[in-house]
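Structure, as structure tokens:
The sequence lines fix the lettering, A, B, ..., with proteins before strands; numbering per chain opens at 1.
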Number of protein chains: 2
Amino acid sequence: MRCPFCGYEESKVVDSRPIDDGLSIRRRRECLKCEKRFTTYEKVENIPLMVIKKDNRREPFNRNKLMNGLLRACEKRPVSLNDLERIVNEVESSICNTLEREVTSQQIGEMVMEKLKKLDDVAYVRFASVYRQFKDINTFLVELNKLLQDT
Amino acid sequence: MRCPFCGYEESKVVDSRPIDDGLSIRRRRECLKCEKRFTTYEKVENIPLMVIKKDNRREPFNRNKLMNGLLRACEKRPVSLNDLERIVNEVESSICNTLEREVTSQQIGEMVMEKLKKLDDVAYVRFASVYRQFKDINTFLVELNKLLQDT
DNA sequence: GTATATGACACAATATATTGTATCACATAC
DNA sequence: GTATGTGATACAATATATTGTGTCATATAC
């Protein structure tokens, strides 16, 4: 593994211990060039993907729930089911790739909105109005104004 | 490493590849009991801890900058330098522990505010007023009203 | 103060991971 | 349509990681 200090491409493991009851492995590595040491963690890709909701409760990530929100936002809009599947897939895999076990519903909303914005303005604003409704009414108005000005 | 499917404590590596230009290692593992396969990633702990600012530019995380913000918020308030050091330490290490390479300035602000709120209401609102000034004026007012009602 | 937990470190004996080469499947790009 | 990139898979030869034991330092708990 590449050294995070000097960038040299080889390092060796000097210690390796299971942690989290065996669910992860912590390694101490040493750069073969600059000899600096650093810690790495090996973790399982995804499995327990939890969403932190606004009231701080946790629940498992649910593709269908996200898809339903998207379908509602796209009602009578020229967005294909394929596009929506793609968005859900991309969001899910980008959450998995962070290797985080938890993600806030807000972060998910932001990711979805970023992608939806490129597809359909109206669907984007509908979706945003649900995700940001209580926290950020001004932002919603600002977004609406931006869209009005752009057209 | 423990199997995420059946929970058995031993698995073997069936493939191992460097990714991200050598910064991480992806491994395919197979459980020695149920023989199911899963993917793991080994990543460096922290090092390039970058903050994503509001305008989407990145800059390295800077303890001093955060501390300055806290000091300004706590001017003439009964909050010790020790407490502030503790907050900065806790925020920094909780960012490191996520193993994410990037974090938004907003996320940092939220973490700080959560901790500051427990220490001093006035410092909390001062800090919040800086972190949320453009995005969330309503939230700021709501917070002020909450504090006024609580006292 | 003592007790407890955790991370870093070292050493030695053993077991296992790594790397290149190559194929297949799938999805995206043009 | 073809080209391109990526993840999963297999195999074989080689190199390296893992695990137990034990110490030390630091921080937190009581």
Considering just the side-chain nitrogens and oxygens of A:T39, establish if one lies under 4.0 Å of OP1 or OP2 belonging to C:dG7.
no
Ignoring backbone atoms, establish whether A:R17 has a side-chain N or O less than 4.0 Å from OP1 or OP2 of D:dT18.
no
Is B:L116 close to B:C74 at the side-chain level, that is, under 4.5 Å between some pair of heavy atoms?
yes
Starting at NZ of A:K12, measure out to CZ of A:R37 and round the result to the nearest 0.5 Å.
7.5 Å
Are the charged groups of A:E42 and A:R27 less than 4.0 angstrom apart, N to O?
yes
C:dA8 phosphate, OP1 or OP2, under 4.0 Å from A:R37 side-chain N/O
no
Within this structure, what is the CD1-to-P distance between A:I19 and D:dT18, rounded to whole angstrom?
13 Å
Distance in angstrom units between B:E42 CD and D:dT16 P, rounded:
15 Å
For a quick test of reading the model: is some side-chain N or O of B:R26 closer than 4.0 Å to OP1 or OP2 of D:dT6?
no
Is a side-chain N or O of A:S11 found less than 3.5 angstrom from the main chain of A:R2, in a donor-acceptor match?
no
The answer to which of A:R28 and B:V13 contacts DNA chain C further toward the 5' end, by nearest nucleotide, is A:R28
D:dT16 C1' sits how many Å from A:E30 CD, rounded?
14 Å
Would you compute the distance between atom CG of A:L66 and atom CG of A:L84 and round it to the nearest 0.5 angstrom?
9.5 Å
Between P of D:dT19 and CE of B:M1, the distance in whole Å
10 Å
By nearest heavy atom, map B:E10 and A:E10 onto DNA chain C; which one lands nearer the 5' end?
B:E10
Interatomic distance where CD1 belongs to A:I25 and C1' belongs to D:dT16 [whole Å]
14 Å
B:D15 atom CG is separated from C:dG20 atom P, nearest whole Å, by 12 Å
Write down the distance between NZ (B:K12) and C1' (C:dA15), rounded to a whole number of angstrom.
13 Å
note: A:L32, atom CG; D:dA17, atom C1'; distance rounded to Å ~ 13 Å
